Amino acid sequence: MSVVIVIPARHASSRYPGKPLALLKGASGQEKSLIQRSWEAAQAVSGVDRVVVATDDDRIRAAAEAFGAEVVMTSETCANGTERVAEALDLLGGEVEIAVNLQGDAPLTPAWFVEDLVAGLRADPGADLATPVLRCDGQALTALLEDRRAGRVGGTTAVFGAGNRALYFSKEVIPYTGQSYADRAPTPVFHHVGVYAYRPAALETYLRLAPGPLEGLEGLEQLRFLEHGRPVLCVEVEARGRQFWELNNPTDVPRIEAMMAAMGLA
C-alpha cells in the first residue's frame, strides 16, 4: 500500500495568474519556479512512493517535465485541488493507501510536516482526512493580521476541538485574541498549512458532496467536508526553527525569499 504526493497546479488564478511559474530566489541567489520548489519539498519527504504534478496547463506541464517531474494532465473543470487530486489518483490507478495533496503554493513545507500528517491519519481510522496546523508565534500572528488590515487574503487559520477534530477554517484570523504577543511567544492562533492527507474513499466521497455556502464564501475546499459532517483531523506540527508561509499573492514573493535567505535555503 503506497503513499502518493500529488501537487495540484493551475495557471488560472484570480489572485495570482500564472503563480506556479513564478520565480523565487533562494539564499544562493538561484531562481527556481514555485512549482519546482514545491516538487523539491515533496521529494524530501520520507516514506513516499510517488510524487506527481497534476495540472491542466501545458505551460506548467512543460516546466515540470523540464526539471524531471512526473506529470498527469487533469481536467480544466476541477474546482479545487482536492478535486484535481481525486482525478489524478483515478488516472494513475493502482492501490494507494494515502494520497497527499501538497498544494503548489507551499514551497517552505518541511518534510516532517507531511511525515507527521501521514502518521496522524494512520493513527486515527475515524478521520476522513488530516491536515497540519502550526501554532503561530507573535511574529506570524502579526503578519496574518497585517494582511487582513491591508485587505489582502493571506494565510488560513484553523480552530479545532476534542480529539483535534476541526471545527472551522477561515481566511479571517480566528480565534479572536485582544492580547499582544512578543515575536517568539506562542499564541492561541493556528496557521493552517496547505497540505491534506486523504484515504481514497474520502476523495470518492468528496466528489459526491455538494459544495456548501461556507466553502463558497471562504473559498476553502476543506469546508465541504465539515459542512457535510465529515471528520477532519488537525495534526499539530512543530516549526523546529523553520519559518513557514504560502505564496498567496505577488506581495508574498519577497516575504518568502527573505525567509529562504534567513534559513539558508538555496
Side-chain angles (χ1 to χ4, degrees), residues 13-17 19-20 22-27 31-35 37-38 40-41 81 101-114 116-117 131-160 166-196 217-223 234-266:
S13 170
S14 57
R15 281 187 283 165
Y16 196 165
K19 180 170 67 170
L23 296 176
L24 292 171
K25 186 182 297 183
E31 288 188 324
K32 296 180 184 178
S33 66
L34 175 63
I35 188 65
R37 291 193 179 278
S38 298
E40 289 176 352
N101 172 353
L102 178 62
Q103 298 190 68
D105 57 7
L108 299 184
T109 306
W112 62 87
F113 280 20
V114 183
D116 290 351
L117 179 65
T131 191
V133 293
L134 178 65
R135 186 183 292 274
C136 290
D137 60 16
Q139 185 177 36
L141 177 57
T142 297
L144 289 170
L145 292 170
E146 285 177 349
D147 271 350
R148 298 307 298 126
R149 282 193 290 267
R152 293 188 296 267
V153 177
T156 297
T157 57
V159 290
F160 49 91
L167 298 174
Y168 197 62
F169 299 89
S170 182
K171 290 177 180 175
E172 292 291 350
V173 181
I174 57 174
Y176 167 78
T177 171
Q179 297 183 40
S180 297
Y181 301 89
D183 280 356
R184 297 304 174 195
T187 79
V189 176
F190 284 85
H191 189 166
H192 173 238
V193 180
V195 186
Y196 304 93
L217 287 168
E218 293 269 10
L220 296 174
E221 63 210 76
Q222 68 271 32
L223 289 176
C234 290
V235 177
E236 185 175 354
V237 293
E238 296 181 356
R240 302 184 195 173
R242 285 281 294 270
Q243 299 180 66
F244 176 80
W245 199 259
E246 298 109 337
L247 203 163
N248 295 296
N249 306 287
T251 54
D252 290 321
V253 171
R255 175 181 286 173
I256 290 176
E257 289 181 336
M259 288 180 174
M260 289 193 293
M263 293 184 288
L265 299 178

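Computed from a prediction, not measured in an experiment: that's the story for all the values here.
- Closest heavy-atom contact between Thr187 and Tyr181: CG2-CG, 3.7 Å.
- Atoms CZ and OG1, from Phe190 and Thr157 in turn, are 11.0 Å apart once rounded to the nearest 0.5 Å.
- Side-chain atoms of Leu108 and Met259, non-hydrogen and from C-beta on, do get closer than 4.5 Å to each other.
- Considering only heavy atoms from C-beta on, Leu141 comes within 4.5 Å of Thr177 through its side chain.
- In this structure, the side chains of Phe113 and Arg242 stay at 4.5 Å or more apart for every pair of heavy atoms.
- Minimum interatomic distance between Gln243 and Ala262 (heavy atoms only, all atoms of both residues): NE2-CB, 3.6 Å.
- Annotation: the span from Thr131 atom OG1 to Asn101 atom CG amounts to 8.5 Å, rounded to 0.5 Å.
- Taking all atoms of both residues into account, the shortest heavy-atom contact from Leu134 to Val237 is CD1-O, 3.4 Å.
- The closest donor-acceptor contact from the side chain of Glu246 to the backbone of Gly155 lies at 3.5 Å or more, if one exists at all.
- A 6.0 Å sphere centred on CD of Glu238 holds no more than 12 heavy atoms belonging to other residues, nucleotides or ligands.
- Judged by distance alone, the side chain of Asp116 and the main-chain N or O of Glu236 form no donor-acceptor pair under 3.5 Å.
- Asp137 places a side-chain N or O within donor-acceptor distance of the main-chain N or O of Gln139, the cut-off being under 3.5 Å.
- His192 approaches Pro132 most closely through the heavy-atom pair CD2-O, 3.5 Å.
- Atom OG1 of Thr156 sits about 7.0 Å away from atom CG of Asn248, to the nearest 0.5 Å.
- The closest side-chain heavy-atom distance from Leu247 to Val253 is below 4.5 Å.
- Distance check: Leu144 CG to Glu172 CD gives 11.0 Å after rounding to the nearest 0.5 Å.
- Distance check: Arg240 CZ to Trp112 CH2 gives 5.5 Å after rounding to the nearest 0.5 Å.
- Nearest heavy atom pair, residue Pro175 against residue Pro188, reads CD-O, 3.7 Å.
- By the 6.0 Å contact criterion, NZ on Lys25 is open, its count of non-hydrogen atoms from other residues, nucleotides or ligands being 12 or less.
- Using bins of under 30°, 30° to 60° and over 60° for the plane-to-plane angle, the ring pair Trp245/His191 lands in the perpendicular bin.
- The two residues Tyr16 and Ala22 make their nearest non-hydrogen contact at OH-CB, 3.4 Å.
- The distance from atom OH of Tyr168 to atom CG of Leu223, rounded to the nearest 0.5 Å, is 5.0 Å.
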Test salt bridge (charged side-chain N to carboxylate O under 4.0 Å, His left out) applied to Lys19 and Asp252, step by step: CA-CA 11 Å; Lys19 180 170 67 170; Asp252 290 321; over 6 Å; no
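- A donor-acceptor pair is defined here as one N or O able to donate and one able to accept, closer than 3.5 Å; such a pair exists between the side chain of Arg37 and the backbone of Leu24.
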